[in-house]
Amino acid sequence: LLVAAPNEGIEGTERFLSPDKNRGLRAVRHFAVGELVFACPAYSYVLTVNERGAHCENCFTRREDLFKCGKCKQAYYCNVDCQRSDWPMHKLECVAMVAYGENWCPSETVRLVARLIMKQRVTTDRTPSERLLLLKEFESHLDKMDSEKDEMNQTDIAALHHFYSRHISDLPDDQALTELFAQVNCNGFTIEDEELSHLGSAVFPDVALMNHSCSPNVIVTYKGTVAEVRAVQEINPGDEIFNSYIDLLYPTEDRKERLLDSYFFTCQCTECTSKSKDKEKMEIRKLSSPPEPEEIRSMVLYAKNVIEEFRRANELLEMCELSLEKMGAIFADTNVYMLHMMYQAMGVCLYMQDWDGAMSYGEKIVQPYSVHYPAYSLNVASMYLKLGRLYLGLEKKTHGIRALKKAVAIMEVAHGKDHHYVAEVKREIEEQK
């Protein structure tokens with residue numbers, strides 16, 4: 001009987017030491033656009049509280065007929081098998097949710113870390129999520145943490161003790177927890193659906209091995225709680241495999257700032273060096289007298305600081321509209337900071353069920369998005385998808401089908417032709433015929 005070596009690696013790829021980036025992943029064979037490079041099951045994961053009842057806690061399947069846990073009545077499952085399989089993790093919260101009632105409020109990161117600790121206790125061997133990188137090898141960048149991040153870390157540790165110490169005997173000491181939270185903050189992933197709605201948080205060690213580029217050659221999508229990595233550019237043997245860690249809408253300076261703040265490195269990818277898209281992204285209105293650089297700078301600052309926390313949705317919509325008016329004095333409609341604001345406004349319209357409002361924002365966003373983002377982008381696909389579904393709801397059938405087909409074209413590459421999301425959208429198109 002042949003027993004697989006504990007580390008059989010990932011076929012077609014290898015872990016290597018990249019020139020300046022520590023370790024990374026590179027291809028040892030050719031991958032075509034749309035080809036699956038590898039899949040990675042979550043090491044640990046948690047469904048977000050807002051999606052309870054809509055998705056199974058265990059496998060993240062979205063369906064109408066889930067049944068709930070009889071004890072806490074807050075976790076929902078496909079069937080008894082899913083419930084049983086989730087119990088080792090759910091039991092950390094089941095009794096506590098009942099006991100604390102309204103006061104049960106650990107952050108999603110805290111919930112994920114509690115599960116990680118439990119998983120580490122019962123795991124002795126390398127897991128299928130760690131074919132190339134072990135969880136315990138994660139960078140924590142503790143030396144680079146500022147006091148604000150450190151404080152958030154301490155708050156999380158306190159919450160972990162508060163909500164979980166009864167259910168996890170002898171939690172690791174504070175130093176170990178500080179490191180674990182820092183590792184999760186740098187290496188964790190958010191799982192999103194086809195419209196980029198947040199479904200949960202997870203840890204995928206092998207996916208975390210990939211370094212970042214603002215012109216990535218792969219995209220990560222999710223099938224249940226499994227991450228799938230597909231080529232979105234031709235990849236040749238010897239090429240490094242790059243994922244993007246951030247939203248690529250913004251200009252270079254902005255992206256570099258985000259990467260430094262969240263991941264502690266200065267990006268030197270081809271896009272950050274060439275800045276090839278910055279001019280378009282920062283399009284200024286055609287005015288009789290062009291604005292001063294200082295004016296532009298302060299408008300960008302304003303755009304970044306516009307508060308995204310809101311008390312009532314209609315107040316936020318007003319705020320978005322006012323901001324768009326203010327920025328529109330010097331920014332063109334295709335400027336990424338205008339688009340960012342329109343996207344916020346569209347979200348509020350959807351929340352308020354103002355379908356016409358959402359549609360008119362979506363129409364303004366979708367074209368510039370396809371210019372600013374890379375060729376295959378989940379942001380572009382999800383915008384076509386939202387817009388297509390809005391059109392169909394508003395009985396604009398031809399527009400709807402056209403938008404959904406554009407979404408499918410991207411999704412077939414990013415999610416793969418056999419993904420259930422692709423099948424669902426195709427079904428929506430067929431139903432219109």
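Side chains are part of it too, since the values below use all heavy atoms of this structure and drop only hydrogens, waters and symmetry mates.
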S.K.: Roughly how far, to the nearest 0.5 Å, is the CG atom of D254 from the CD1 atom of I246?
M.R.: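 I246 CD1 to D254 CG: 8.0 Å, rounded to 0.5 Å.
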S.K.: Would you say the ring centroid of Y100 lies under 6.0 angstrom from that of H162?
M.R.: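 So the answer is yes for these two rings.
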S.K.: Just checking, is any N or O donor in the side chain of Q233 or Y376 under 3.5 Å from an acceptor N or O on the other one?
M.R.: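 The criterion, which ignores hydrogens and geometry beyond distance, is not satisfied for Y376 and Q233.
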S.K.: If you look only at distance, which donor and acceptor atoms sit under 3.5 Å apart when one is on a side chain in residues 396-404 and the other is two or more places apart or in another chain?
M.R.:
from : atom 1 : to   : atom 2 : distance (Å)
K397 : NZ     : Q432 : O      : 2.6

S.K.: Check K281, K277, R255, H340 against Y250 for a side-chain hydrogen bond (donor to acceptor under 3.5 Å, both in side chains) and give me the one that passes.
M.R.: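 Of all the options given, the one that passes is H340.
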S.K.: For residues 195-204, pull every pair meeting side-chain hydrogen bond (donor to acceptor under 3.5 Å, both in side chains), keeping only residues two or more places apart or in separate chains.
M.R.: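 Of all non-adjacent pairs touching residues 195-204, those that pass side-chain hydrogen bond (donor to acceptor under 3.5 Å, both in side chains) are E108-H198, E108-S201, E195-R389.
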S.K.: Do N379 and Y343 meet the criterion of a side-chain donor-acceptor pair at a distance under 3.5 Å?
M.R.: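 No pair is found: no donor N or O on one side chain lies under 3.5 Å from an acceptor on the other.
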S.K.: May I have the step-by-step check of salt bridge (Lys or Arg N to Asp or Glu O under 4.0 Å) for K136 and E130, ending in yes or no?
M.R.: CA-CA 10 Å; K136 59 170 187 267; E130 305 170 292; over 6 Å; no
S.K.: Are K149 and D261 ion-paired here, with the side-chain N under 4.0 Å from a carboxylate O?
M.R.: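 Salt bridge between K149 and D261, a charged N being under 4.0 Å from a carboxylate O: yes.
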S.K.: Carefully, step by step, assess V366 and K406 under the rule side-chain contact (heavy atoms from CB on, under 4.5 Å).
M.R.: CA-CA 11 Å; V366 75; K406 294 218 171 177; over 6 Å; no
S.K.: Once side-chain hydrogen bond (donor to acceptor under 3.5 Å, both in side chains) is applied, what residue pairs with a partner in residues 174-188 remain, sequence neighbours excluded?
M.R.: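 Counting only pairs at least two positions apart or across chains, no side-chain hydrogen bond (donor to acceptor under 3.5 Å, both in side chains) contact touches residues 174-188.
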S.K.: Are the aromatic ring centres of Y222 and F189 under 6.0 angstrom apart?
M.R.: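 No, the ring of Y222 stays outside the 6.0 Å limit from the ring of F189, centre to centre.
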S.K.: Where do I10 and F38 come nearest, in terms of heavy atoms and distance?
M.R.: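 Where I10 meets F38 most closely, the heavy atoms are CG2-CB, 3.4 Å.
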S.K.: Between N211 and Y245, which heavy-atom pair has the shortest distance, and what is it?
M.R.: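 Heavy atoms only, the tightest pair is CA-OH, 3.4 Å.
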